[in-house]
Chemist: 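A single structure is presented below for examination.
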Amino acid sequence: PFLENVVLHEKFITGDFDTSFIDTTPELFEFPIRKDRGTKLLNYIGNITLNGFPGIEKRKKPILVQPTKPKLDLKSEIPVGTKQILDSKGADGLVQWIKEQQDVLLTDTTFRDAHQSLLATRVRSQDMYQIADYNARMMHNFFSFELWGGATFDVAYRFLKEDPWARLETLREKMPNVLFQMLLRGANAVGYKNYPDNLIREFIRESANSGVDVFRIFDSLNWIKGMEVAIDEVRNTGKVAEAAVCYTGDILDDSRAKYSVQYYKNMAKELEAAGAHILAIKDMAGLLKPEAAYRLISELKETTNLPIHLHTHDTSGNGVYTYAKAIEAGVDIIDTALGSMSGFTSQPSINSLYYAMKGSKRELKVDIDALEQLSYYWEDVRSFYSDFESGMKSPHSEIYVHEMPGGQYSNLQQQARAVGLGDRFDEVKKMYSTVNLMFGDIVKVTPSSKVVGDMALFMVQNDLNEDNIFTRGLTIDFPDSVVEFFQGYIGQVHGGFPKELQEIVLKDKEAITVRPGELLEPVDFEKIESMLATKYNRTITKQDVLAYALYPKVFEEYIAATDAFGDISVLDTPTFLYGLKLGEEIEVEIEKGKTLIIKLIEIGEPQHDGTRTLYFELNGQSRELVIQDLT
Ligand code: 3PY
Ligand code: ZN
């Protein structure tokens with residue numbers, strides 16, 4: 001490149017030079033970075049082929065079918081939908097429109113909660129892009145697609161090595177007609193701890209700019225103070241603030257009086273006063289029994305003017321019945337997933353609910369044939385991720401005892417496996433409910449559910465029981481998340497912290513009672529940007545800065561992975577997870593109109609230094625790569 005630079009320089013071309021011009025012209029030393037995307041992809045494929053994908057057992061690539069796409073002409077026009085209502089009438093206009101609807105409105109969670117709850121959040125953007133154009137046409141009359149936030153943000157960077165913002169923006173292009181909904185954990189944003197207010201506000205602004213319309217905002221302890229900043233900022237952006245009441249306990253059980261109907265009614269009124277456009281009932285574990293749903297929705301309808309959006313999980317198998325009763329009581333919007341991505345820890349099936357409601361006053365206005373075709377696609381895609389399935393084979397009524405959120409179940413199971421407790425998961429679940437009661441019967445949803453999960457894992461791993469904690473607790477170092485919880489760093493609990501346990505866990509540490517955001521230093525975005533730009537010598541976007549501010553280590557590991565492997569989000573999922581079989585050939589479209597043909601020819605013998613040479617063909621040319629064999 002140096003010689004190239006010299007001979008192409010205008011002084012060289014015009015002959016106007018002596019040898020000193022090389023010393024005085026530093027730009028000659030600025031070489032274009034050679035972007036060999038092909039080699040980087042081979043490096044990734046070689047590594048996975050040899051060493052397997054982290055977190056799942058190395059095995060031969062299963063025979064995987066090409067997912068079945070619906071029969072539909074994608075040249076057909078995309079019908080207008082709820083997104084156009086928001087854009088033309090604003091958030092208040094949209095709320096008015098919702099109230100005028102007689103039919104129950106539908107949110108599809110397939111792109112977010114369904115796979116968070118069934119497949120440890122591992123579904124990749126590629127698999128969504130392949131079907132998004134169909135969704136826009138075949139689900140055009142849905143209220144919203146829940147497709148961002150929750151755990152999908154960090155899992156995208158952490159495990160999938162792909163950019164969640166790119167997912168959001170690409171889906172927005174493909175599905176311009178239906179509202180996009182995200183799950184925002186209030187002051188915890190899409191993380192597991194409270195962040196400074198300026199980070200929450202900036203994150204919301206950027207999410208709104210990148211395509212989010214409806215923000216479902218909750219606090220993991222139902223602490224309204226933890227939601228106020230987020231509600232305010234969503235309103236500032238002109239988008240829809242859907243504030244959530246997290247449902248726990250059982251309003252039908254007088255012995256769980258802490259979470260009574262009155263408790264939820266009070267909270268609904270407070271959220272309305274705080275500026276919510278829509279009230280969500282977030283039944284994250286699927287505890288809302290059918291009769292309780294009827295009673296809760298009926299009483300809330302009398303308490304608030306807000307439209308009500310109900311979210312549940314089908315872990316017990318009672319989800320469709322719960323929705324039927326909620327619909328009868330006048331619920332405005334419900335969350336469902338496509339048939340093959342529904343049920344168990346996921347949302348109830350829209351396909352099944354359609355048939356369940358047939359003949360009732362509020363039948364569902366959906367194109368069932370279209371939903372079945374979309375469901376076939378996801379049935380095939382789901383098979384790619386079978387290593388992340390929880391193994392649950394039937395509905396679990398024990399959910400009413402352990403109360404574990406659907407979105408946590410498969411993730412906690414992965415966590416348990418990672419610390420060698422895979423075969424003691426039943427004990428972990430029992431301990432989870434013991435810990436909940438020790439903590440004073442708290443709302444359990446990210447991140448409070450993670451605190452309970454961490455404590456349960458810790459106790460099972462160290463063979464501790466409740467008595468041990470009280471008798472020997474002062475000599476025990478509790479997990480960081482548990483200490484921070486008792487310090488008040490994720491907020492205050494309804495009814496206060498249990499004092500004795502709080503003292504045991506905190507020892508000489510202080511607890512706070514104010515909103516953590518009042519104490520946290522604001523994030524210096526410019527400082528982060530210049531630090532990242534210098535360190536990585538690349539253009540740093542606002543989205544990168546936000547990702548770093550939320551997850552510094554995860555984001556830097558993501559950058560390191562993209563340096564080594566390039567953009568691996570372009571790979572098909574079977575190759576991403578299992579690499580290539582000997583002799584297998586794949587086509588990878590690295591950008592529009594630019595396709596690489598990759599074939600694995602041979603895997604060499606192990607060398608003394610622990611490496612092997614892998615022989616590939618890349619667009620017909622031989623390529624050899626030396627890769628560390630870690631198996
Ligand atoms: C999340 O916060 O990710 C959840 O899904 C909570 O239910
Ligand atoms: Zn959920």
Side-chain angles (χ1 to χ4, degrees), residues 107-123 144-159 164 181-195 200 203 207 212 214-223 226-227 230 242-248 280-288 309-316 319 322-323 333-337 341-349 390 399 402-412 414-415 432 442-453 481 490-491 550-551:
T107 291
D108 174 64
T109 65
T110 305
F111 285 25
R112 205 286 298 178
D113 204 7
H115 74 95
Q116 180 172 328
S117 302
L118 292 173
L119 304 170
T121 331
R122 296 304 201 275
V123 171
S144 64
F145 292 123
E146 197 223 28
L147 44 63
W148 215 63
T152 62
F153 187 87
D154 81 284
V155 170
Y157 285 122
R158 195 191 297 268
F159 297 117
Q181 179 150 352
M182 79 165 286
L183 184 66
L184 184 76
R185 302 165 178 158
N188 307 303
V190 283
Y192 298 88
K193 59 174 193 184
N194 270 221
Y195 292 105
I200 299 297
F203 179 77
S207 307
V212 175
V214 180
F215 292 76
R216 176 174 294 160
I217 303 160
F218 72 96
D219 177 78
S220 80
L221 299 167
N222 272 349
W223 194 46
M227 305 164 69
E242 182 181 294
V245 174
C246 298
Y247 182 82
T248 195
I281 298 166
K282 181 170 163 55
D283 177 21
M284 59 279 168
L287 305 178
L288 187 66
H309 193 160
L310 179 60
H311 173 87
T312 195
H313 288 254
D314 200 21
T315 317
S316 69
T322 289
Y323 276 161
I333 317 167
I334 52 169
D335 281 7
T336 56
M341 289 291 285
S342 73
F344 296 159
T345 49
S346 174
Q347 273 63 62
S349 158
S390 72
I399 186 65
H402 65 61
E403 303 189 335
M404 190 184 295
Q408 182 176 28
Y409 195 95
S410 58
N411 292 276
L412 185 65
Q414 288 285 323
Q415 245 180 297
Y432 188 96
I442 63 168
V443 175
K444 292 166 294 302
V445 60
T446 324
S448 62
S449 53
K450 183 172 179 302
V451 180
V452 175
S481 67
I490 60 167
L550 292 162
Y551 284 105

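Just so it is clear, the values below take in all heavy atoms, side chains as well, and ignore hydrogens, waters and symmetry mates. In each ligand, atom 1 is the first atom listed, and ligand 1 is the first ligand listed.
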Chemist: Using a strict 4.0 Å cut-off to heavy atoms of L183, name the atoms of ligand 1 that fall inside it.
Modeler: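 Here the atoms of ligand 1 in question are 1 (C), 2 (O), 3 (O), 4 (C), 5 (O), 6 (C).
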
Chemist: By number and element, which atoms of ligand 1 are closer than 4.0 Å to a non-hydrogen atom of G150?
Modeler: 3 (O)

Chemist: Give a yes/no verdict on whether any heavy atom in P405 is under 4.0 Å from an atom of ligand 1.
Modeler: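 Checking ligand 1 against P405, which is what was asked, there is no heavy-atom contact under 4.0 Å.
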
Chemist: Nearest N/O/S atom of H313 with respect to the Zn ion (ligand 2), by atom name, please.
Modeler: NE2

Chemist: May I ask you to decide if S220's main-chain N or O and S448's side chain share a donor-acceptor pair within less than 3.5 Å?
Modeler: yes

Chemist: Would you say D113 and Q347 are linked by a side-chain donor-acceptor pair, where the criterion is simply a distance under 3.5 Å?
Modeler: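 Side-chain D/A pair, Q347 to D113: present.
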
Chemist: Can you confirm whether or not the ring centre of F153 sits under 6.0 Å from the ring centre of F203?
Modeler: yes

Chemist: Looking only at N, O or S atoms, find the one in H311 nearest to the Zn ion (ligand 2) and name it.
Modeler: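 That would be atom NE2.
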
Chemist: Say whether K450 and ligand 1 are in contact under the criterion: heavy-atom distance to a ligand atom below 4.0 Å.
Modeler: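 Distance cut 4.0 Å: K450 fails for ligand 1.
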
Chemist: Just by distance, do the side chain of S346 and the backbone of L118 share a donor-acceptor pair under 3.5 Å?
Modeler: no

Chemist: Using a 4.0 Å cut-off to any heavy atom of Q116, which atoms of ligand 1 qualify?
Modeler: 1 (C), 3 (O), 4 (C), 5 (O)

Chemist: Looking at D335 and R112, does any basic side-chain N land under 4.0 Å from a carboxylate oxygen?
Modeler: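 A salt bridge is absent here (no side-chain N lies under 4.0 Å from a carboxylate O).
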
Chemist: Students should be able to answer this: which protein heavy-atom is nearest to atom 7 (O) of ligand 1, and at what distance?
Modeler: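 Nearest neighbour among protein heavy atoms for atom 7 (O) of ligand 1, to 0.1 Å: K282 NZ, 2.7 Å.
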
Chemist: Nearest to atom 5 (O) of ligand 1 by heavy atom, K444, M284, R112: which?
Modeler: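 Comparing heavy atoms across K444, M284, R112, the nearest one to atom 5 (O) of ligand 1 lies in R112.
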
Chemist: List every atom of ligand 1 that sits less than 4.0 Å from any heavy atom of A151, numbering the atoms from 1 in the order shown and giving each element.
Modeler: 3 (O)

Chemist: For ligand 1, which atoms have a heavy atom of F218 less than 4.0 angstrom away?
Modeler: 2 (O)

Chemist: With K282 as reference, evaluate L183, V245, N222 under the side chain to side chain contact (heavy atoms under 4.5 Å, CB included) test and give the passing residue.
Modeler: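 Testing each of L183, V245, N222 against K282, the sole residue satisfying side chain to side chain contact (heavy atoms under 4.5 Å, CB included) is L183.
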
Chemist: Walk me through whether Y432 and S449 qualify under side-chain contact (heavy atoms from CB on, under 4.5 Å).
Modeler: CA-CA 9 Å; Y432 188 96; S449 53; 3.4 Å; yes

Chemist: My understanding is that we take every heavy atom of each candidate and find the minimum distance to atom 1 (C) of ligand 1. Doing that for V155, L184, T152, T446, which one comes out nearest?
Modeler: T446

Chemist: Give the intermediate values and the outcome of side-chain contact (heavy atoms from CB on, under 4.5 Å) for residues M182 and E146.
Modeler: CA-CA 6 Å; M182 79 165 286; E146 197 223 28; over 6 Å; no

Chemist: Hey, does Q408 sit under 4.0 Å from ligand 1 if you only count heavy atoms?
Modeler: no

Chemist: Do any N or O atoms from the side chain of Y195 and from the backbone of L550 form a donor-acceptor pair under 3.5 angstrom?
Modeler: yes

Chemist: Which residue and non-hydrogen atom of the protein lie closest to atom 2 (O) of ligand 1, and at what distance in Å?
Modeler: R185 NE, 2.8 Å

Chemist: May I ask you to check if R185 and F218 form a cation-pi contact, with NZ or CZ under 6.0 angstrom from the six-membered ring centre and within 45° of the axis?
Modeler: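 Geometry flag: not set, cation outside 6.0 Å or 45°.
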
Chemist: State the atom name: nearest N, O or S atom of D113 to the Zn ion (ligand 2).
Modeler: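 Nearest to the Zn ion (ligand 2) within D113's N, O and S set: OD2.
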
Chemist: Within the 4.0 Å heavy-atom shell around V445, which atoms of ligand 1 are there?
Modeler: 6 (C), 7 (O)

